[in-house]
2 protein chains.
Amino acid sequence: MQPFRILIVDDHAHAREAIREILEEHEDFLIIGEGKNGEEAMKLTEELMPDIILMDIQMPVMDGLEATKRIKLKFPYVKIVMITVSDDITDLFDALKKGAQGYLIKNIQSEAWVDHLRAFALDEVPMSKEIAFQILKEFPQNKAVTKEETPLSSRELEVLQLVAKGLSNREISETLFISEHTVKSHLKNILSKLHLENRVQLTNYAFQQGLIH
Amino acid sequence: MQPFRILIVDDHAHAREAIREILEEHEDFLIIGEGKNGEEAMKLTEELMPDIILMDIQMPVMDGLEATKRIKLKFPYVKIVMITVSDDITDLFDALKKGAQGYLIKNIQSEAWVDHLRAFALDEVPMSKEIAFQILKEFPQNKAVTKEETPLSSRELEVLQLVAKGLSNREISETLFISEHTVKSHLKNILSKLHLENRVQLTNYAFQQGLIH
DNA sequence: AACATAATACCTCTAAAGAGTGATTTTAAA
DNA sequence: TTTAAAATCACTCTTTAGAGGTATTATGTT
């Protein structure tokens, strides 16, 4: 069993240190890097490919919410957990809207904290329907943002949508009047840009980004 | 270009006749069958595999809403359009909750009617976010129903969920401690039961049924 | 004018998916 | 207790997907 590879992003060195001390007691977590702001988070994510990012919300240069949004667009597979002192529910919405899957309060007993993180790492705590509902209620129009900022070209977006609807490469080529070779080229680039492995993961991405109905 | 294969289900013969007259003027629609109630609708769907079902809501024996729910569980690929005289919006929610993708009022000018149906057949009118939101608001707990009534066994449901998360057959076999052959068997049966063609379509099904987060 | 990106296409090769058939064992239900 | 599902595994065969590499032609953008 490989340990979960963790990246910590927090502008306060003492906060990073506190988290490090807690996690180092557990063999299933491995801290592979630390960053001080959103910009560093993006750079480190690309370099280190962590499984999970523990991200502070309040930070200089680029805050955790902005960093989360950008990282999730380029690396949708990475799990991001926001860490914060606040327990204001509107911060939670903001974090989830940007793409974070989890949310942990800093001042919590360390063992419970680790247990939560582990459960999250193992996909045992999916985002609940209630939370999804509340987000939808609060941000009914959060699609336009995504579309503009996708790293994909418009043609790639077309291909993505057809893939995510369940068409084969041949069917896509016939739909778009291009060769199957070209479809494969596009798909190859799409998967590479989003750091995904196959068309089912791409379908997940499409659903989560609201790119298909 | 193949015509869209239509099944009409309505208990009033004159209503079926009216629809038939309208659609027969258009070469891209082909009426392949007619039914008088929900029970007949299910039997005919299995026999004829229509592309689109035009389904009345109010019918004896088994009404259109119940029939829609059952048909969508077994044949998720079939598109169902509810036809009704009512313009009560709660009926629309009910229909969409049961799995119908479209909704048409009977007393409408025939040309506009056909245009709408064609747009729908070509996937040009996805269910809007607003409607999805309203459904969610009105029926926050519509998941339990689905889970009980899936035609899949519990093991098949496990496999489905792993497929829909983007795992390969090998990864699934390692997760469940069974052979890859067995995974293939399950997947084959799942696709067959749901009348789907590949794992991306299955992923769509899983998302739409709320089987994955 | 030079450069970058997007879109197109082809090639090879390996791995994965899916169709078809058949068979055994366990579990649950009639 | 016979029957019916459910879960397991195997073998063959064909098609599709995906990695890796290369190349041409527009279309814009400094």
Side-chain angles (χ1 to χ4, degrees), chain A residues 46 49 73-77 147-207 211-212, chain B residues 46 49 70 73-77 147-206 211-212:
Chain A
E46 188 139 17
M49 292 290 175
L73 275 170
K74 284 199 74 173
F75 309 96
Y77 83 94
K147 275 210 171 141
E148 283 168 23
E149 300 187 20
T150 327
L152 303 179
S153 72
S154 60
R155 193 56 158 177
E156 286 168 342
L157 218 63
E158 278 186 272
V159 173
L160 181 160
Q161 284 166 342
L162 295 174
V163 168
K165 273 170 72 178
L167 305 208
S168 70
N169 291 341
R170 179 195 311 282
E171 289 169 328
I172 294 170
S173 79
E174 284 162 1
T175 304
L176 298 179
F177 303 104
I178 56 182
S179 92
E180 199 182 329
H181 293 295
T182 308
V183 176
K184 280 190 172 191
S185 272
H186 284 310
L187 182 52
K188 194 170 38 179
N189 293 331
I190 293 167
L191 291 177
S192 162
K193 280 185 181 177
L194 299 175
H195 304 271
L196 298 174
E197 288 167 356
N198 58 51
R199 45 182 63 215
V200 171
Q201 289 177 4
L202 186 59
T203 305
N204 272 266
Y205 176 79
F207 264 101
L211 298 174
I212 56 173
Chain B
E46 189 140 14
M49 293 287 176
R70 298 201 191 173
L73 276 168
K74 286 199 73 173
F75 309 96
Y77 82 95
K147 274 206 173 147
E148 283 168 24
E149 300 187 21
T150 328
L152 304 179
S153 72
S154 60
R155 193 57 158 176
E156 286 168 341
L157 218 62
E158 279 185 89
V159 173
L160 181 160
Q161 283 165 343
L162 295 174
V163 168
K165 274 170 71 178
L167 306 207
S168 69
N169 291 340
R170 178 193 311 280
E171 289 169 327
I172 294 170
S173 79
E174 284 161 2
T175 304
L176 298 179
F177 303 105
I178 56 181
S179 94
E180 199 181 329
H181 292 296
T182 307
V183 176
K184 279 190 173 190
S185 270
H186 284 310
L187 182 53
K188 193 171 40 178
N189 292 332
I190 293 167
L191 291 177
S192 162
K193 279 185 181 177
L194 298 175
H195 303 271
L196 298 173
E197 287 167 357
N198 58 50
R199 45 182 63 216
V200 171
Q201 289 177 4
L202 187 58
T203 304
N204 273 266
Y205 176 79
L211 298 174
I212 56 173

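We name chains A, B, ... by the order of the sequence lines, and we start the count at 1 in each one.
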Mind calculating the distance between [atom1] ([X]) and [atom2] ([N]) to the nearest angstrom?
X	N	atom1	atom2	value
A:I172	C:dT8	CD1	C1'	16 Å
B:L187	C:dA16	CG	P	15 Å
A:Q201	C:dA16	CD	C1'	14 Å
A:H181	D:dG21	NE2	P	18 Å
B:E180	D:dT8	CD	P	15 Å
B:L160	D:dA6	CG	C1'	16 Å
B:N169	D:dA17	CG	P	14 Å
A:R199	C:dA16	CZ	P	15 Å

Below 4.5 Å, heavy atoms only, C-beta onward: do [X] and [Y] meet side chain to side chain?
X	Y	answer
B:K165	B:T175	no
A:V183	A:L162	no
A:V159	A:L152	no

**Fill in**
Once base and sugar-phosphate atoms are separated, protein heavy atoms under 4.0 Å mark nucleotides 19-30 of chain C, 5' to 3', with B, S and - as SBB---------

**Request:** Give every residue pair that meets the salt bridge (Lys or Arg N to Asp or Glu O under 4.0 Å) criterion with at least one member in residues 184-199 of chain B, sequence neighbours excluded.
**Result:** B:E156-B:K193

Using salt bridge (charged side-chain N to carboxylate O under 4.0 Å, His left out) as the criterion, list what pairs up with [X], not counting sequence neighbours.
X	answer
A:R170	none
B:E171	none
B:E46	B:K74
A:E180	none

**Message:** To the nearest 0.5 Å, what is the distance between NE2 on A:H186 and CD1 on A:I178?
**Reply:**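 Between A:H186 NE2 and A:I178 CD1, I get 5.0 Å after rounding to 0.5 Å.
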
**Prompt:** Looking at CD1 of B:I190 and CZ of B:R155, how far apart are the two atoms once the value is rounded to the nearest 0.5 Å?
**Reply:**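 With rounding to 0.5 Å, CD1 (B:I190) is 11.0 Å from CZ (B:R155).
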
**side chain to side chain contact (heavy atoms under 4.5 Å, CB included) against B:A206, all qualifying residues, sequence neighbours excluded** = B:L160, B:A164, B:L211, B:I212

**Item:** Qualifying residues under side chain to side chain contact (heavy atoms under 4.5 Å, CB included), relative to B:L191, sequence neighbours excluded
**Value:** B:L187, B:L196, B:L202

Distances under 3.5 Å between protein N/O atoms and the N/O atoms of nucleotides 4-7 of chain C, please, pair by pair.
| residue | atom | partner | partner atom | Å |
| --- | --- | --- | --- | --- |
| C:dA7 | OP1 | A:R155 | N | 3.3 |
| C:dA7 | OP2 | A:S153 | OG | 2.1 |

**Request:** Heavy atoms only: give me the nearest B:V163-A:V200 pair and the separation to one decimal.
**Result:**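 The pair with the smallest heavy-atom distance is O-CG1, 3.2 Å.
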
**Item:** Position toward the 5' end of DNA chain D (nearest nucleotide), A:V200 or B:F177
**Value:** B:F177

**Fill in**
Applying side chain to side chain donor-acceptor pair (under 3.5 Å) to B:S179 and not counting sequence neighbours gives B:T182

Under 3.5 Å, which N/O atoms of the protein pair with N/O atoms of nucleotides 27-30 of chain D?
none

**Item:** Axis deviation across the helix from C:dC3-D:dG28 to C:dA30-D:dT1, five-pair ends, to the nearest 10°
**Value:** 60°

